[in-house]
There are 2 protein chains.
Amino acid sequence: MPWEKSFDESDVVEKTMQVFWKKGYAATSISDILDVTGIKRGSLYNAFDGKDDLFMRGLLKYDAEQRRSMMRELESVDDPREAISMFFDFIVRRSNSDSDQKGCFLVNTSLEFSQHSEAVQKVVTDAFKEISAFFEKQIKRGQEGGSIPDTISPRETAKALVASLVGIRVMGRGTFGKAALQQIADQAKRLIA
Amino acid sequence: MPWEKSFDESDVVEKTMQVFWKKGYAATSISDILDVTGIKRGSLYNAFDGKDDLFMRGLLKYDAEQRRSMMRELESVDDPREAISMFFDFIVRRSNSDSDQKGCFLVNTSLEFSQHSEAVQKVVTDAFKEISAFFEKQIKRGQEGGSIPDTISPRETAKALVASLVGIRVMGRGTFGKAALQQIADQAKRLIA
DNA sequence: GCCTGTTTGGACCTTTTGGTCAAAAAACGG
DNA sequence: CCGTTTTTTGACCAAAAGGTCCAAACAGGC
């Protein structure tokens, strides 16, 4: 059994993810990836299947490390109102602390829609569905506990919260200033007030 | 004085706009534009400056014909609450009636952020600022007339409405179903209830 | 220290990219 | 019907795209 790779495979995926995240799929070239990873062409194609493969891996990594891990933390928050509130604050903080203003990789990808495979599209839509389901669950919990009014519709309000979240992610790429994002988040919370 | 162009220049811009709108800047090639317009390479470069120029013209056309013209109509609506409501319904209808699910050209462009010139970025940010200002104005009018509660902040609520709008436009590209968009819009309206 | 099987580097390939150019074609004034 | 002026056409270009390939470099087992 001879030899291990000299480069860290997951490190390459990480760096590749960053580029796709920032520039999008179409605007990112293999040369860009070579530059940022320091790896050589042959090594890349020896370890991965190509551009699509790299993109998918990056997207899955993002989904696991950013979205899923955050949601796992929030699942353990007792107060459902607080869980939703923290979700928004977390996203605002994330948006405002990224000097590259890359936004959300999932949102960005959802707008490159047509140029992606069904598999990629599924990752994105599933992610949004899960976020929506999370909000819905928390709203129901809040209604049971009496902290959220029974008059609102859990499912529809959940979708509205997702839309606000997406809006924050888009506007966070430069259209509005930093202060605005928190303001939007605070307004969105009024939907469950 | 000899000869007029055999092709309709504004027709070329229209068709070009549709392609950029649907596929984005990076994923659209000159050949795509040639195909969809039926024009030949030389003619294109004789009439326009290049890809960037075409993109800018398309974006300006969209802004004028879609966003500005809609807002002009809404300016003349008496009831401020109704004006805001109609804005959302209009966008929902537009999203749901587009079989290509192209979304909003301005929103799409705002996510291609980094690859565009300052001039393009300005068109986008100005558009959002104007929409926000429109909402703010209507909210203030509503408060003066008594149809919108004084307790809400006009400026911040306006921004939240913009974010919701953007969210609808993004989710309208395929993530959520058609019914969901109207539901989100209806929830967003609760911010001024 | 040599054989074995993998990784590496980079030359190379084809296709596509955005863009140029010169010759041919066409409408107008005279 | 002839020059002038502009559009049109398609060949052409250099650069960049994504991807392939193979000789050289390499770390194990024996």
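Per chain, numbering begins at 1; letters A, B, ... match sequence-line order. What you see is a predicted model, and the numbers here were worked out from it, not measured in a lab.
Under the salt bridge (charged side-chain N to carboxylate O under 4.0 Å, His left out) criterion, the residue pairs touching residues 178-193 of chain A are A:D89-A:K189, A:D186-A:K189, with sequence neighbours excluded. Sorted by first and then second residue, the salt bridge (charged side-chain N to carboxylate O under 4.0 Å, His left out) pairs involving residues 160-176 of chain A (not counting sequence neighbours) form an empty list. Applying the salt bridge (charged side-chain N to carboxylate O under 4.0 Å, His left out) rule to pairs touching residues 28-37 of chain B yields B:K23-B:D32, sequence neighbours excluded. Counting only residues at least two apart or in different chains, salt bridge (charged side-chain N to carboxylate O under 4.0 Å, His left out) contacts with residues 152-164 of chain A comprise A:E136-A:R155. Applying the side chain to side chain donor-acceptor pair (under 3.5 Å) definition to pairs two or more places apart or across chains, none involves residues 143-152 of chain B.
Residues from residues 26-41 of chain A placing a heavy atom under 4.0 Å of any atom in DNA chain C, listed by number, are A:K40, A:R41. Of the residues in residues 108-122 of chain A, not one comes within less than 4.0 Å of DNA chain C through any heavy atom.
Relative to the side chain of A:N46, the nucleotides C:dG18, C:dT7, D:dG19 differ in distance, and C:dT7 lies closest.
In this structure A:A26 satisfies the side-chain contact (heavy atoms from CB on, under 4.5 Å) test together with A:Q115, B:A26, B:A27, sequence neighbours excluded. Partners of B:F134 by ring pair (Phe, Tyr, Trp, His ring centres under 6.0 Å), not counting sequence neighbours, listed by chain and number: B:F87. For A:K122, the salt bridge (charged side-chain N to carboxylate O under 4.0 Å, His left out) partners at least two apart in sequence or on another chain are A:D126. Residues that satisfy the salt bridge (charged side-chain N to carboxylate O under 4.0 Å, His left out) test with A:E14, not counting sequence neighbours, are A:K61.
Stem regions for DNA chain C, each three or more consecutive Watson-Crick or G-U pairs with both distances under 3.5 Å and listed by first number, read C:1-4 with D:27-30, C:6-13 with D:18-25, C:15-30 with D:1-16.
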